[in-house]
Amino acid sequence: MKIIVTGGAGFIGGNFVHYMVEKYPEDMIINLDALTYAGNLETLKPVENKPNYKFIKGDIADREFIFKLFEDEKPDVIVNFAAESHVDRSITDPEIFVRTNVMGTTTLLDACKQFGIKRFHQVSTDEVYGDLPLDRPDLFFTEETPLHTSSPYSSSKASADLFVMAYHRTFGIPVSISRCSNNYGPYQFPEKLIPLMISRALADEELPVYGNGANVRDWLHVKDHCQAIDLIVRKGADGCVYNIGGHNERTNLEVVKTVLRALDKPESLIKYVTDRPGHDRRYAIDPKKLETELGWKPEFNFDTGMKQTIQWYLENREWWEHIISGEYSNYFEKMYGDKL
Ligand code: NAD
Ligand code: DAU
């Protein structure tokens, strides 16, 4: 099989490329990535010389380029990770989220319609369901939960999901969608909660916790997400949505304290800052469909996953220090300058 992985120089796409190149030496994995601020070819070093791997630089919203790529490569499968993925950036600059997440996805779907495809898989998010109240721990997101978005980011992802389903119903494109909870693990860009807190704690810098730190996220190790997508692409039913999550709910404060304890740093580093506008309160995934229909089970629990992840950031300082010393430092100043 020839598989185009879009956004394969980012966090989850990069981990997925590693996983697929190792697991399926007989398949060809093409990594298509525009190399935005979030794309990093350093992440692909372990696979760059493998015979079943190829990198192509390009933009999923560039119609001419995408159509030519499909004509040349004739892919069997597309797994679409490429996206603007950070909620805070979507609040300061929503437009690029519409271009990449919505128009990029429809451009890929149009190419699938024109050239044919065995499966188009859309990597979506639990954020399309909105949030749950903090005082109802009995509630979970299922595949039937209505879409009800909060941020420009989640609205762009929900729009993309609707287009994917519309292309399935109207044009008969074979599709699947996965909606996963918060990921953590190696190669995550240090603008996201866990790597941000690890990198700042190591430098004895203040840790910005939004609001009172009581918001809840449902954490899943990135490798478990990759395994689930692989399973859905190969065995999932056509036209179906699958939720992915491992029942690892934690408040943000619990996560930050876990990082501090693991690094032997004091809780006095925590600084409560102005809340994120429209901040979703709680995410919690019910993964029953994926478990019962496809037999998926996560390998990591939060404790073992966090230990492995923190160890990875300790052993791969060069990877993230390179990022935080570059253009990212301007972003940090813009977003947090008046908060810290
Ligand atoms: P990321 O920001 O780390 O990586 C995104 C990648 O997409 C980057 O390599 C970037 O260069 C590339 N990209 C951006 N615009 C592009 C374009 N126009 N054309 C081609 N490439 C482009 O993101 P991530 O955290 O790895 O998330 C990957 C996907 O998974 C996203 O679709 C996101 O919505 C979804 N998701 C993320 C999480 C999470 O916790 N991070 C959870 C569930 C779902
Ligand atoms: O749920 C899946 C989603 O998870 C993905 O679709 C998104 O792409 C991904 O970015 C993530 O979104 P979140 O907004 O949940 O992740 P983030 O790491 O930005 O924030 C996690 C929580 O931590 C959230 O409640 C906000 C809080 N936070 C975040 C940052 C960056 C802080 O308190 N301080 C911070 O500095």
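Bear in mind the structure is a predicted one, so any value in this text is a computation, not a measurement.
Side chains of Phe55 and Glu48 form no contact here, defined as non-hydrogen atoms less than 4.5 Å apart. Residues Ile177 and Tyr242 fail the side-chain proximity criterion, which asks for heavy atoms closer than 4.5 Å.
A donor-acceptor pair shorter than 3.5 Å cannot be found between the side chains of Thr107 and Asp110.
Looking only at distances, a side-chain donor or acceptor of Arg282 sits under 3.5 Å from a matching main-chain atom of Arg136. A donor-acceptor pair is defined here as one N or O able to donate and one able to accept, closer than 3.5 Å; such a pair exists between the side chain of Lys157 and the backbone of Val123. With Thr292 contributing its side chain and Lys288 its backbone, the two residues share a donor-acceptor pair below 3.5 Å. Checking side-chain atoms of His168 against main-chain N and O of Ile173 turns up a donor-acceptor pair under 3.5 Å.
Ring centroids of Phe81 and Phe11 are separated by 6.0 Å or more, keeping the two rings apart. The ring of Tyr187 has its center closer than 6.0 angstrom to the ring center of His18.
With respect to Lys289 and Glu144, no salt bridge is recorded, no charged nitrogen being found less than 4.0 Å from a carboxylate O. A salt bridge does not link Glu249 to Arg217: none of the charged nitrogens lies less than 4.0 Å from a carboxylate oxygen. Ion pairing of Lys2 with Asp27 is absent here, as no side-chain N (NZ or NE/NH1/NH2) approaches a carboxylate O to less than 4.0 Å. A salt bridge between Lys57 and Asp33 is absent, with no side-chain N of the basic residue lying under 4.0 Å from a carboxylate O of the acidic one.
A distance of 5.0 Å separates CG of Leu108 from CD1 of Ile60, quoted to the nearest 0.5 Å.
Ring geometry, Trp320 versus Tyr313: the interplanar angle falls from 30° to 60°, so the pair is classed tilted.
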Phe65 vs Asp59, side chain to side chain contact (heavy atoms under 4.5 Å, CB included): CA-CA, chis, key distance, verdict: CA-CA 8 Å; Phe65 163 77; Asp59 177 354; 5.6 Å; no
